[in-house]
*Asks:* 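Okay, handing you the structure first.
In what follows, every chain begins at residue 1, and chains take the letters A, B, ... in the order their sequences are listed.
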Protein chains: 2
Amino acid sequence: MGKCYSAAVTTVPTGSRARTRQAILDAAIEVLSRNPAAPLGDVAAAADVGRTTLHRYFPERSDLIAALKEEAGRRLDQAGMRARVEEDTGAAALRRLCQEYFDLGDTLSLLFQEQVSFEAGCDDEVESMVRRGHADGSIDPELPPVWVQSLMWSHLYAAWSYLAETGASRHDTLRLLLRCVEGAVRPLR
Amino acid sequence: MGKCYSAAVTTVPTGSRARTRQAILDAAIEVLSRNPAAPLGDVAAAADVGRTTLHRYFPERSDLIAALKEEAGRRLDQAGMRARVEEDTGAAALRRLCQEYFDLGDTLSLLFQEQVSFEAGCDDEVESMVRRGHADGSIDPELPPVWVQSLMWSHLYAAWSYLAETGASRHDTLRLLLRCVEGAVRPLR
DNA sequence: CCGTAGTGGAACACTGATGTTCCATAATGG
DNA sequence: CCATTATGGAACATCAGTGTTCCACTACGG
């Protein structure tokens, strides 16, 4: 909000354009995360813009989807950065990554609903994180990196749906999430 | 397959009708589990029937969906029966339940894709199973039953997507699944 | 105060999915 | 072998979402 882009030389959004564009993207994330087949009119309404305007920014639905993937990818990357996955034990890093992803909220739901494959997320870093966990004994060596990744996403999904179903607090849900991921990946004894 | 219904008095499927109907349902599960928005023509094609025939059995799309929910619910129930969730420790029962659900295959994917809420599954039995686990020390009492249920589903999702992504063997995937559910729910020490 | 950028609304053509009707063709059972 | 039953295909009207065009309105900066 209120972020001010210094005008670039190329055809880059002036203040107002950027704001509208962002409003549309935010609305799209919110609406399409609940129903991936929602009509564009609904997105426009949620963004508080006319359908015409939406088409002005994203001529075709696929353009919007593409921009959405990009946006989600960006947020995912940022979350990955914040988690500093290369520090500490593998399990501790995984814990931080889960927390950061958890905080993404609707963006997360979008990733589940749409086909935005999770490969988007920095695959390699996660893999090396898991391998480090294997080595330092914080992650069971029997669990392949890809599996751990799959596991993390599914736990995030669990947490998200638990939140939606029970109306539990974000805080408690996060605790359960981290507690169970920890238990799932650590060596059995 | 080959199940023979004794002709009832009311308008009940004769042999052939039942078979066609079932073929359509099976195809619908397969097709719609991959793309919930797939056109009915695709379902008909997968079932090796004309679109006309499909409409003869399910006049509207919503009718097909309803029948699908019913079918999925039935299979879910059967799986629940087979798991005998009221026997053994809570964790052992949970383990069996996971395995039975895992074996449902496409039906499972359908449950994820469609909005067929998981409440369909025998909620109460699962809850008492978890409570039993709390009591017998095989499931961490800090984990609410609904959370455990959420967790189970998400692990099943993880397993399914892992299978799809990596082409790992069903057997190995199941092992990972059970291993991690076990670790996730058992008391920390 | 005027010009421009950004916008919204109405109207339109187009497309793909849907649901219906009608008819011709197997298959099935008595 | 004939009547019933189940089916597939073609043609059709309908509908919702999409993408486009055009015009009017507003805000804002020079």
Side-chain angles (χ1 to χ4, degrees), chain A residues 1-28 30-68 113-115, chain B residues 1-28 30-68 113-115:
Chain A
M1 323 247 172
K3 190 170 190 181
C4 189
Y5 294 82
S6 57
V9 245
T10 56
T11 319
V12 154
T14 79
S16 150
R17 289 186 80 95
R19 251 173 286 128
T20 304
R21 187 188 145 93
Q22 196 56 47
I24 293 175
L25 284 179
D26 290 342
E30 188 192 322
V31 171
L32 296 182
S33 70
R34 292 183 215 303
N35 172 20
L40 294 185
D42 289 6
V43 175
D48 231 348
V49 280
R51 198 167 62 91
T52 311
T53 301
L54 191 153
H55 273 110
R56 209 169 271 128
Y57 284 80
F58 307 99
E60 302 197 357
R61 178 180 251 270
S62 61
D63 295 323
L64 176 60
I65 301 297
L68 227 44
Q113 294 290 346
E114 296 282 336
Q115 256 56 349
Chain B
M1 328 244 173
K3 192 171 189 181
C4 187
Y5 294 81
S6 56
V9 246
T10 55
T11 319
V12 153
T14 82
S16 147
R17 288 185 80 95
R19 252 173 285 128
T20 304
R21 187 189 145 94
Q22 195 57 47
I24 294 176
L25 285 179
D26 288 343
E30 187 193 322
V31 172
L32 296 182
S33 71
R34 295 185 211 301
N35 172 19
L40 294 186
D42 289 6
V43 175
D48 230 349
V49 249
R51 200 166 61 91
T52 312
T53 301
L54 192 154
H55 273 109
R56 210 170 269 129
Y57 283 81
F58 307 98
E60 301 197 356
R61 180 180 248 270
S62 61
D63 295 322
L64 177 60
I65 301 297
L68 227 45
Q113 294 290 348
E114 297 281 337
Q115 254 57 349

*Asks:* Tell me the interatomic distance from A:R19, atom CZ, to C:dA5, atom P, rounded to whole angstroms.
*Replies:*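 Computing the A:R19:CZ to C:dA5:P distance gives 17 Å.
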*Asks:* For A:I24 and C:dG8, what is the distance between atoms CD1 and C1' respectively, to the nearest whole Å?
*Replies:*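 To the nearest whole Å, that distance equals 12 Å.
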*Asks:* Identify, residue by residue, the members of residues 59-67 of chain A with a heavy atom below 4.0 Å from DNA chain C, and return them in order of residue number, or none.
*Replies:*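 Those residues whose heavy atoms fall under 4.0 Å from DNA chain C, taken from residues 59-67 of chain A, amount to none.
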*Asks:* May I have the distance from B:R21 (atom CZ) to D:dA6 (atom C1'), rounded to whole angstrom?
*Replies:* 16 Å
*Asks:* Could you pull out all donor-acceptor pairs under 3.5 Å where a side-chain atom in residues 37-56 of chain A meets a protein atom, sequence neighbours excluded?
*Replies:*
from	atom 1	to	atom 2	distance (Å)
A:H55	ND1	A:R51	O	3.4

*Asks:* Assign A:D48 to base, sugar-phosphate, or nothing according to its heavy-atom contacts below 4.0 angstrom with the strands shown.
*Replies:* sugar-phosphate
*Asks:* What pairs with B:A67 under side-chain contact (heavy atoms from CB on, under 4.5 Å), at least two apart in sequence or on another chain?
*Replies:* B:R21, B:L25, B:F58
*Asks:* Working to the nearest 0.5 Å, report the span between CZ of A:R19 and CG of A:D26.
*Replies:* 13.5 Å
*Asks:* Rounded to whole Å, please give me the gap between CG in A:L54 and P in C:dT7.
*Replies:* 11 Å
*Asks:* To the nearest Å, how far apart are B:D42 CG and C:dG16 P?
*Replies:* 13 Å
*Asks:* Rounded to whole Å, please give me the gap between NE2 in B:H55 and C1' in C:dG19.
*Replies:* 5 Å
*Asks:* Expressed in angstrom and rounded to an integer, what is the separation of B:R17 atom CZ from D:dT4 atom C1'?
*Replies:* 12 Å
*Asks:* Among C:dG6, C:dT20, D:dT18, which nucleotide sits nearest the side chain of A:T20?
*Replies:*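 Nearest to the side chain of A:T20 among the choices is C:dG6.
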*Asks:* Rounded to the Å, how far apart are B:L40 CG and D:dC15 P?
*Replies:*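 Result: 18 Å.
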*Asks:* Which atom pairs link the protein and nucleotides 9-15 of chain C when you take only N or O atoms and keep those under 3.5 Å?
*Replies:*
from	atom 1	to	atom 2	distance (Å)
C:dG9	N7	A:T52	OG1	2.9
C:dG9	O6	A:T52	OG1	3.3

*Asks:* So if I take every side-chain heavy atom of A:P39 and compare against D:dG19, D:dG17, C:dT18, which nucleotide ends up nearest?
*Replies:*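 Selected nucleotide (nearest to the side chain): D:dG17.
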*Asks:* For the residue pair B:I24 and B:T20, establish whether any side-chain heavy-atom pair is separated by less than 4.5 Å.
*Replies:*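 Answer yes - side chains close enough.
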*Asks:* What is the per-nucleotide protein-contact pattern of nucleotides 24-30 of chain C, from the 5' end, where B denotes a base atom under 4.0 Å from a protein heavy atom, S denotes such proximity for sugar-phosphate atoms only, and - denotes neither?
*Replies:* -------
*Asks:* Would you say A:Y57 places a side-chain N or O within less than 4.0 Å of OP1 or OP2 belonging to C:dG6?
*Replies:*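 So the side chain of A:Y57 is outside the cut-off, no N or O lying under 4.0 Å from OP1 or OP2 of C:dG6.
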